[in-house]
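Working notes, beginning with the structure itself.
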Amino acid sequence: MLIEHLVGKRIADAPKDAQTPGHRLLLRGGYIRQVGQGIYTLLPLAHRVCQRVEAIIREEMNRVGGQELLMPVVSPAELWEESGRYQTVGSEMLRFTDRNDHPCVLNMTHEEVIVDAVRANIDSYRQFPFLVYQIQTKFRDEPRSRGGLIRVREFTMKDGYSFHRTDECLDKTYHEVHKAYTRIFKRVGLRRFIDIESDTGMMGGSVAHEFMLVSDVGEDTLVLCSACDYRANREVARSKRVYESSEAMQPLTNVETPGQKTIDEVTTFLKSDARHACKAVAFMAGEKPVVAFVRGDFDVNLAKLKRALRTGDVRPMEDSEFASFGSVAGFVGPLGVDTAKVTLLFDESVAQSPNLIIGANAVDLHTTGFNFTRDLPAGTPVHDLTDVNEGDPCPCCGKPLSLERGIEIGNIFQLGKKYTAAMRFEYSEEDGSLAIPTMGCYGIGVGRTMASVVEESNDKYGPIWPISIAPFQVQVCCLGASKDPSIADVGRKVYDDLRAAGIETLFDARAVGAGFMFADADLIGAPLRVIVSPRNQKKGVAELKYRVVEPPADLPAEAPLDNLIPALQEILARLAAPFAAS
RNA sequence: CGGGGUGUGGCGCAGUUGGCUAGCGCGCGCGCUUCGGGAGCGCGAGGGCGCGGGUUCGAGUCCCGCCACCCCGACCA
């Protein structure tokens with residue numbers, strides 16, 4: 001490829017909209033073009049990178065027995081009605097009608113479609129287990145996209161699905177895919193990625209892990225133990241908090257708190273502290289009011305709340321809705337509300353802490369001396385509703401937990417029989433009985449993986465691509481070709497020889513300054529740069545530059561022109577070795 | 001969906017209280033000089049200012065409505 005023909009212009013100033021370093025570089029390098037909110041064209045450079053990512057994914061999925069297939073983007077609404085998700089999934093799924101007024105959806109994930117495909121094609125226990133996957137376009141009408149390719153509405157995803165007769169068999173495949181994912185992310189050159197326990201959300205199922213790249217630009221919060229292997233998404237993370245309770249119980253006492261609503265205001269006013277306050281956070285779960293009580297120094301975690309309520313349909317309560325269960329915004333407390341009309345959920349921190357300040361469900365009134373065990377009926381359930389915080393004790397070893405940000409690059413779920421049962425996927429067991437298989441699903445975002453590599457591996461000049469996914473392996477920079485035809489000839493021969501050897505090469509012999517040429521090369525990020533110039537030609541060599549993370553110290557700085565290709569092949573092999581299939 | 005912000009050549013921006021042929025830098029084309037880390041000079045092409053209505057002798061500039069995009073939050077396999 002001649003650089004002047006490459007579609008995708010390199011620019012010095014990034015558009016102001018770009019927020020993250022990686023997004024800025026992808027725009028500056030001419031990798032992507034925004035079409036709409038969360039919608040991008042992958043220009044040739046980005047598409048080359050993604051194709052290489054996909055090739056690695058295919059290799060590793062095939063290695064664990066995956067069969068590639070391809071499902072449609074559009075499907076009739078009936079399939080989603082069969083699983084029940086046509087109702088439960090919100091407006092992130094794009095729905096429309098075709099010319100015959102038939103309801104359709106853009107599939108945002110493919111459990112329904114794959115179950116439909118395999119239930120018609122699998123009849124016998126002899127055919128289990130099996131793993132299928134596709135690399136295909138997904139559209140999700142996210143309320144908000146951000147960070148360039150980190151969070152988009154349309155994207156390419158590898159999604160895989162496995163089917164099994166038994167939970168043990170699912171577990172085995174799950175772990176094989178887990179290992180395959182680890183190999184994939186290593187081979188695309190990610191370094192700080194980890195797997196963590198995760199929420200199952202709308203997917204259902206029991207066991208789930210996410211693969212996360214630890215990164216400041218990530219959207220998720222990761223909880224990591226400083227001492228042991230414990231690591232989890234904050235949505236599911238636990239901690240072993242210790243609650244001291246040496247205080248004697250005080251009697252319940254009403255106190256006037258004119259205009260004092262927030263934890264801060266109330267505790268300052270009463271000369272107390274947040275550890276002695278009971279925070280009430282009110283939501284609507286569908287039509288039903290819900291109040292979550294946590295200690296004043298903790299925050300409610302919405303994902304945990306949703307699991308406790310067994311629903312995803314939760315929104316903050318409006319001030320006008322508090323009267324429906326006999327309370328008032330700012331002064332909500334657990335005593336004296338109409339429990340037939342409101343669901344009260346208590347966090348462990350409230351159950352374990354003595355003498356809390358609670359709202360009295362009346363304007364400008366609080367109550368002190370609340371004690372969970374004394375003041376509520378025996379057997380009132382206790383939940384884990386709070387965010388884990390920096391420094392909380394690890395649930396496994398008790399050492400302090402730390403928080404990091406992370407980009408979710410892949411996830412794996414054990415779904416169980418949620419979809420196979422709802423959609424009546426039955427097969428004949430060995431004894432002639434009909435059985436329903438259990439299922440796993442496995443996703444990787446291709447574009448997000450590319451974007452994550454840029455976020456992790458870059459400098460101020462551009463992306464530093466691992467050779468395994470770089471858009472070009474070699475870039476030939478031919479300096480002074482416009483002045484000296486013999487230099488142009490040498491450069492051209494190097495380029496032709498590289499191509500003949502099957503090496504993906506970008507050739508730059510434009511009549512531009514060296515600085516300009518090198519700046520472009522940095523943005524394109526070929527790991528090996530071959531510089532042909534009058535200076536080098538006099539020495540009979542081509543100069544070599546490496547754009548890689550931690551280059552081996554003993555790589556040569558030049559190679560003789562008369563035996564160039566074998567020398568370059570050897571260098572490329574060395575650079576590629578760390579990313580090879582293992 | 002709530003809050004905030006921005007829309008002026010491909011990109012980044014400037015356009016005083018409405019006023020004359022809408023500017024600047026980068027990029028692009030041509031020429032000359034340069035030529036190892038985003039060169040210099042000269043000439044030139046390219047927009048009618050997000051869209052639709054108003055007000056006015058006159059509207060990027062004022063008014064009304066809408067749209068798009070960005071950020072924060074809500075939301076999110």
Side-chain angles (χ1 to χ4, degrees), chain A residues 4 7-20 23-24 27-28 30 33-39 85 88-93 107-111 138 140-148 150-153 155 157-161 198-205 208-211 219-220 233 235 283-284 302-303 306 312-318 408-415 418-419 440-445 448 460-462 477-484 487 509-523 529 531-536 543 545:
Chain A
E4 55 265 44
V7 175
K9 138 160 84 180
R10 275 111 11 231
I11 53 175
D13 305 317
K16 60 177 177 187
D17 288 346
Q19 298 296 311
T20 69
H23 187 200
R24 225 185 306 283
L27 286 167
R28 281 191 52 210
R33 160 92 183 168
Q34 182 166 11
V35 176
Q37 185 195 112
I39 302 176
R85 284 204 292 188
T88 58
V89 172
S91 49
E92 61 267 33
M93 182 160 69
N107 290 301
M108 50 184 289
T109 175
H110 279 76
E111 285 74 20
K138 299 277 184 287
R140 293 183 186 179
D141 200 357
E142 303 278 359
R144 189 170 158 218
S145 49
R146 56 165 79 85
I150 297 295
R151 179 157 218 81
V152 291
R153 295 198 298 165
F155 55 100
M157 171 179 236
K158 188 286 294 177
D159 48 322
Y161 306 89
S198 70
D199 191 19
T200 52
M202 68 170 262
M203 301 300 293
H209 286 84
E210 291 166 333
F211 285 79
E219 301 187 279
D220 289 274
N233 194 306
E235 294 179 342
F283 300 90
M284 295 296 288
L302 202 56
K306 285 178 180 175
D313 182 17
V314 174
R315 63 166 173 85
M317 192 181 289
E318 310 275 339
E408 181 187 347
I409 46 179
N411 55 30
I412 55 180
F413 290 86
Q414 293 192 12
L415 295 174
K418 175 175 172 179
Y419 299 95
C441 80
Y442 318 94
I444 293 178
R448 188 185 279 187
K460 64 180 175 177
Y461 303 110
C477 291
C478 189
L479 296 174
S482 59
K483 278 197 318 186
D484 183 345
I487 296 294
R510 293 173 299 172
V512 298
F516 190 92
M517 195 181 279
F518 292 155
D520 270 2
D522 288 336
L523 278 169
R529 185 178 311 169
I531 302 164
V532 175
S533 72
R535 201 167 82 186
N536 294 324
E543 186 180 339
K545 290 274 190 191

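Note on naming: letters A, B, ... go to the chains in the order of the sequence lines (proteins, then strands), and numbering restarts at 1 for each one.
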Distance in angstrom units between A:Ile39 CD1 and B:C70 C1', rounded: 15 Å
Sugar-phosphate, base or nothing in reach of A:Leu523, heavy atoms under 4.0 Å: base
Spacing of the P atoms in B:C49 and B:G60 (rounded, Å): 7 Å
C1'-based separation of B:C71 from B:G27 [nearest Å]: 28 Å
Minimum-distance nucleotide to A:Arg529 side chain [options: B:G10, B:G37, B:C71]: B:G37
A:Gln19 side chain, from C-beta outward: closest of B:C76, B:G37, B:C70: B:C70
Heavy-atom donor-acceptor pair, A:Arg151 side-chain to B:C76 base, under 3.5 Å: yes
Given B:C76, B:C35, B:G38, the nucleotide with the shortest approach to the side chain of A:Glu142: B:C76
Listed nucleotide nearest any side-chain atom of A:Ile11, set B:C35, B:G38, B:C11: B:C11
Gap in Å between the two C1' atoms, one belonging to B:G44 and one to B:C51, rounded: 32 Å
Residues A:Arg85 and A:Glu111 bridged, charged N to O under 4.0 Å: yes
Same-atom distance (P) from B:U61 to B:U17, integer angstrom: 13 Å
Rounded distance in Å between the P positions of B:C70 and B:G12: 13 Å
Backbone N/O of A:Ser145 and side chain of A:Arg153: donor-acceptor pair under 3.5 Å: no
A:Met517 CE - B:A39 C1' separation (whole Å): 14 Å
Minimum-distance nucleotide to A:Gln37 side chain [options: B:C35, B:C69, B:G38]: B:C69
Between B:G37 (P) and A:Lys460 (NZ): distance, integer Å: 14 Å
Sugar-phosphate only, base, or nothing, as touched by A:Arg28 at under 4.0 Å among non-hydrogen atoms: base
Contact under 4.0 Å: A:Gln34 side-chain N or O vs B:A68 OP1/OP2: no
C1' spacing across the pair B:C20 / B:U34, given as an integer number of angstrom: 42 Å
Lys/Arg N to Asp/Glu carboxylate O, A:Arg510 vs A:Asp520, below 4.0 Å: yes
Under-4.0 Å side-chain N/O to phosphate OP1/OP2 contact, A:Lys9 with B:G38: no
Span that lies between the P atom of B:G47 and that of B:G9, in whole angstrom: 11 Å
Touch class at under 4.0 angstrom, heavy-atom based, for A:Glu543 against every strand present: base
d(CD, A:Glu4; C1', B:G29) in whole Å: 16 Å
More than 12 heavy atoms of other groups within 6.0 Å of A:Lys138 NZ: yes
A:Glu92, nearest nucleotide to its side chain (from B:A74, B:G37, B:C76): B:C76
Syn/anti state for B:G50 [syn: chi within 90° of 0]: anti
Touch class at under 4.0 angstrom, heavy-atom based, for A:Arg315 against every strand present: nothing
Rounded distance in Å - CG (A:Leu27) to C1' (B:C69): 13 Å
Between B:G37 (C1') and A:Lys545 (NZ): distance, integer Å: 10 Å
Whole-Å distance separating the CG atom of A:Asp220 from the C1' atom of B:C76: 9 Å
Separation of B:A74 P from A:Glu235 CD (nearest whole Å): 12 Å
Sugar-phosphate only, base, or nothing, as touched by A:Asp522 at under 4.0 Å among non-hydrogen atoms: base
Touch class at under 4.0 angstrom, heavy-atom based, for A:Asp484 against every strand present: nothing
Sugar-phosphate, base or nothing in reach of A:Lys138, heavy atoms under 4.0 Å: base
Nearest-Å distance once atom P is located in both B:G3 and B:A39: 48 Å
